[in-house]
Amino acid sequence: CLTWYFIGYGLFQGDGVVAGGDSSKFLVSDFLFYGNFVQQFGFAITSVTIVSGAVCSRIKFGRYVTFSVLQIGVIYPIAAHVAWADGGFLYDQGFVDFAGSGVVHGLGGTSAIIAAWILGP
């Protein structure tokens with residue numbers, strides 16, 4: 001949760017084409033953003049838990065925590081920003097995502113395949 005609070009949400013809510021930008025919302029202090037903050041945090045965690053099913057019992061706990069911090073703090077915010085945030089590339093192109101299936105599950109599945117490939121059989 002701290003990674004999302006300090007890094008992830010600010011990257012997600014910026015006005016840049018990929019992430020971040022001048023109007024980033026790092027360290028949310030405005031009550032109006034808490035609902036979106038919690039919802040997006042749930043999506044970020046879901047993308048990480050998809051990976052846990054693919055690498056269960058084949059990865060050391062410390063490495064999984066490191067991966068989770070990287071996914072929640074950098075990878076997911078960039079993917080979510082591109083698809084859902086004002087100024088994001090796909091958002092500006094008219095991209096429509098039904099209930100997070102494209103971003104959350106697509107990113108989680110892709111990350112799971114890559115993690116399983118790296119770990120091997």
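Every heavy atom of this structure was used, including side-chain atoms; hydrogens, water molecules and symmetry mates were not. This is a predicted model, so every value here is computed, not measured.
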Heavy atoms of V51 and A115 approach each other most closely as CG1-CB, 4.0 Å
request  = Group every Ile, Leu, Val, Met, Phe, Trp and Tyr by side-chain heavy-atom contacts under 4.5 Å, then state whether I118 and I75 land in the same group.
outcome  = no
With a 6.0 Å cut-off (strictly less than), is the heavy-atom count around CZ of R58, excluding the residue itself, greater than 12?
yes
**Joint hydrophobic cluster, V74 plus I114, side-chain heavy atoms closer than 4.5 Å** = no
Closest heavy-atom pair, V104 versus I50, reported as atoms and distance to 0.1 Å, is O-CD1, 4.1 Å
query: Where does the angle between the aromatic ring planes of F12 and H81 fall among parallel (under 30°), tilted (30 to 60°) and perpendicular (over 60°)?
result: perpendicular
Rounded to the nearest 0.5 Å, the CD1 atom of I78 sits from the CG atom of L11 at a distance of 6.0 Å
Rounding to 0.5 Å, atoms OH (Y9) and CG (N36) come to a distance of 3.5 Å
### Task
Indicate yes or no for a side-chain donor-acceptor contact from S47 to the backbone of A44 under 3.5 Å, with no hydrogens or angles considered.
yes
One should read off an interatomic distance between F61 CZ and T66 OG1, to the nearest 0.5 angstrom, of 9.5 Å
Closest heavy-atom pair, A83 versus Y91, reported as atoms and distance to 0.1 Å, is O-CB, 3.6 Å
Of all heavy-atom pairs linking D97 and V103, the shortest is OD2-N, 3.4 Å
| request: Taking T110 for its side chain and L107 for its backbone only, find out whether a donor-acceptor pair lies under 3.5 Å. | output: no
Between S68 and V48, the two heavy atoms sitting closest are OG-CG1, 3.2 Å
For F67, the ring-ring contact (aromatic ring centres under 6.0 Å, His included) test, sequence neighbours excluded, returns none
Original post:
Do F37 and W4 pass the side-chain contact (heavy atoms from CB on, under 4.5 Å) test, and can you show the C-alpha distance, the side-chain angles, and the key distance before you say yes or no?
Top reply: CA-CA 9 Å; F37 172 84; W4 181 247; 3.2 Å; yes
Applying side chain to side chain donor-acceptor pair (under 3.5 Å) to T3 and not counting sequence neighbours gives none
For P77 and G73, the nearest pair of non-hydrogen atoms, with its separation, is CG-O, 3.6 Å
Co-membership, hydrophobic cluster, residues F43 and V69, 4.5 Å side-chain:
no
For Q40, the side chain to side chain donor-acceptor pair (under 3.5 Å) test, sequence neighbours excluded, returns Y76
